[in-house]
Amino acid sequence: MTATIPPITVPGDKSIAHRALILAALARGTSRLRNVPAGLDVRSTQRALRALGASIAEDGDAMVVTGTGGALATPGEPIDCGNSGTTIRLLAGVLATRPVTVTLDGDASLRARPMRRIAAPLEAFGAQIALTPYGTAPFVVRGNGDARGAEVEIVVASAQVKSAVLFAALNAHGRTRVTGQLATRDHTERLFRAYGMTCEADDGALVVEGPQIPQACDFDVPGDVSSAAFLLAAAAVVPGARAVVEDVGLNPTRIAFLDVLRRFGAQVDVTPASFGEEPRGRIAVRGASLRAIVVEPGEVPGLIDELPLVGVLGAFARGTTVVTGASELRVKESDRIETFARAARTIGVEVETFEDGFAVHGPARFRSGSVVTAGDHRIAMAFSVAARAAGIEVRLDDPDCMAVSFPGFTGALERVA
Ligand code: S3P
């Protein structure tokens with residue numbers, strides 16, 4: 001099945017690239033990072049790390065990062081994290097235990113997103129984080145350069161919050177023990193190991209002994225499975241259509257979407273290629289006539305970024321597709337429950353919304369329409385998939401927002417057979 005159609009590659013994984021760049025910037029020595037995606041979010045992290053004293057240069061298909069060894073510069077002006085929640089939250093963690101005072105800011109969407117979720121745990125290290133009265137950015141981080149390890153409970157299922165705490169723990173003296181909601185993507189834990197550090201699982205907790213300085217390394221970023229998901233979905237909804245995506249990340253905390261595709265009725269074949277700290281391989285999908293599914297709350301952290309796409313799949317499936325336990329969708333790049341529902345109704349899809357999810361009644365009688373993306377890249381890509389598969393015209397108010405994670409998406413979508 002996979003031999004006859006040309007495989008597609010997708011940009012490098014955004015989540016992994018942010019972390020690999022941050023650790024390279026904190027390392028002693030020079031790291032070479034391959035397949036760093038060109039999307040705007042990762043550029044925000046690069047810009048921020050340069051402002052903090054790292055040198056980052058392009059060399060062919062690699063980024064060469066000369067680290068600071070942990071001695072960060074104090075930038076003269078606020079760091080603009082653009083649209084990127086991962087940049088602002090992970091950097092807040094890095095800065096929390098270092099002797100610097102830095103203002104972090106972002107675009108209008110990022111300024112609307114909740115930041116108390118990182119401020120509270122980082123204050124356990126003695127950092128001071130001055131949020132706006134709304135609990136948002138811009139905010140000043142006054143790091144504590146003499147921080148001690150802390151006991152921190154993570155109360156939101158968010159890899160960004162968990163990672164902020166783990167980054168803070170790196171420069172705190174002694175043992176940091178992190179408990180609570182830890183079952184989210186584990187790239188930070190894996191990349192600590194890739195950079196020669198430890199982050200141990202201990203009786204359901206994560207333990208970091210500080211201080212630890214990353215050792216520079218060479219790292220090849222696998223393709224982003226959350227970007228691949230749009231191409232796989234475009235094949236899944238058309239009986240007999242196929243997509244093969246090669247060299248894509250297969251981290252078990254990121255691929256719950258593949259199981260969802262199978263439950264909808266698509267055929268999914270995974271061929272692991274190699275196992276480093278971040279597993280990778282090839283994913284092939286063959287489309288089918290889909291039937292509705294129910295996504296359980298426990299599955300949500302493993303496919304949080306794919307949920308608008310699950311809604312689109314539901315519009316092609318027979319029956320009612322239900323997602324609950326996903327109130328986090330309300331605080332993403334847009335309120336993804338409302339943005340999805342409004343866009344879906346515009347093209348003829350029947351949707352109900354709940355505080356923590358949505359139900360989609362399928363199959364829809366699609367019609368062409370104009371979609372308000374709210375500048376949200378995943379909404380724009382999800383409805384591009386719907387347009388192609390349903391053979392309708394969908395006018396996006398802001399198609400450029402797709403460049404946040406997947407420059408060239410429209411061309412890649414055309415390659416689904
Ligand atoms: C990310 C974690 C997720 C995800 C985001 C990237 C990360 O956010 O939605 O796109 O790289 O850690 P939360 O951790 O806030 O759920």
Side-chain angles (χ1 to χ4, degrees), residues 11-23 36-37 39-42 44-45 81-94 106 109-110 112-121 135-137 154-167 178 180-192 206 221-222 224-230 249 251 253-257 278 297-310 323 325-337 339-340 356 375-379 381-382 401-402 404-406:
D13 189 284
K14 189 156 81 78
S15 282
I16 296 175
H18 286 297
R19 290 156 170 84
L21 285 162
I22 292 171
L23 289 170
V36 173
L40 299 180
D41 273 7
V42 172
S44 293
T45 291
C81 301
N83 192 245
S84 177
T86 308
T87 305
I88 201 166
R89 294 192 177 116
L90 269 51
L91 279 184
V94 168
S109 152
L110 191 54
R113 297 179 67 183
M115 296 295 152
R116 284 198 185 102
R117 55 180 56 197
I118 49 156
T136 55
I154 307 291
V155 295
V156 197
S158 161
Q160 293 177 354
V161 175
K162 175 179 67 175
S163 300
V165 170
L166 294 175
F167 277 117
V178 190
Q181 303 261 12
L182 303 178
T184 49
R185 62 189 70 190
D186 65 357
H187 303 304
T188 301
E189 297 90 310
R190 287 170 184 264
L191 285 176
F192 275 17
L206 286 172
V221 180
D224 195 324
V225 71
S226 295
S227 297
F230 294 99
N251 179 315
T253 62
R254 288 287 299 284
I255 56 172
F257 180 67
E278 286 289 354
E299 297 179 84
V300 164
L303 75 166
I304 185 75
D305 292 333
E306 286 68 69
L307 289 175
L309 194 52
V310 171
V323 173
S327 51
E328 276 295 299
L329 288 177
R330 296 211 176 265
V331 291
K332 293 295 180 187
E333 286 84 328
S334 71
D335 174 340
R336 283 190 176 152
I337 294 176
T339 319
F340 163 72
D356 67 342
D376 188 328
H377 56 132
R378 299 204 198 273
I379 296 289
M381 290 189 281
C401 69
M402 294 190 269
V404 159
S405 61
F406 199 159

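Below, each value reflects all heavy atoms present in this structure, side chains not excepted, and no hydrogens, waters or symmetry copies. In each ligand, atom 1 is the first atom listed, and ligand 1 is the first ligand listed. Small disclaimer: the values here were computed from a predicted structure and weren't measured.
Numbered from 1 in the order shown, with element, the atoms of ligand 1 that lie under 4.0 Å from a heavy atom of Thr86 read 1 (C), 6 (C), 7 (C), 11 (O).
Within the 4.0 Å heavy-atom criterion, neither part of His187 lies near ligand 1.
Considering backbone and side-chain N/O of Ile304, none are found under 3.5 Å from N/O of ligand 1. Considering backbone and side-chain N/O atoms, Ser15 comes within less than 3.5 Å of an N/O atom of ligand 1. At least one N or O atom of Gln160, backbone or side chain, sits closer than 3.5 Å to an N or O atom of ligand 1. Backbone and side-chain nitrogen or oxygen atoms of Arg19 are examined, and one is located within less than 3.5 angstrom of a nitrogen or oxygen of ligand 1. Looking at Asp305 next to ligand 1, an N or O pair under 3.5 Å apart turns up.
For the pair Lys332 and ligand 1, a heavy-atom separation below 4.0 Å is found. A heavy-atom separation below 4.0 Å is not found between Thr184 and ligand 1. The closest approach between a heavy atom of His18 and any atom of ligand 1 is not below 4.0 Å.
The protein non-hydrogen atom at the shortest distance from atom 15 (O) of ligand 1 is Ser158 OG, 3.0 Å.
Salt bridge status for Asp13 with Arg185: absent, with no side-chain N to carboxylate O gap under 4.0 Å.
Contact check for His377 versus Leu40: no side-chain heavy atoms found under the 4.5 Å cut-off. In this structure the side chain of Ile118 reaches within 4.5 angstrom of the side chain of Val161, judged on heavy atoms. Using a 4.5 Å cut-off on side-chain heavy atoms (C-beta onward), Ile88 and Gln160 make no contact. Looking at heavy atoms from C-beta onward, Asp224 lies out of side-chain contact with Pro11 at the 4.5 angstrom threshold.
Between the side chains of Lys14 and Ser226, not a single donor N or O lies within less than 3.5 Å of an accepting N or O. If you check the side chains of Ser15 and His187, you find no donor sitting under 3.5 Å from an acceptor.
With hydrogens and angles ignored, the 3.5 Å screen pairs a side-chain donor or acceptor of Asp356 with a backbone N or O of Gly325.
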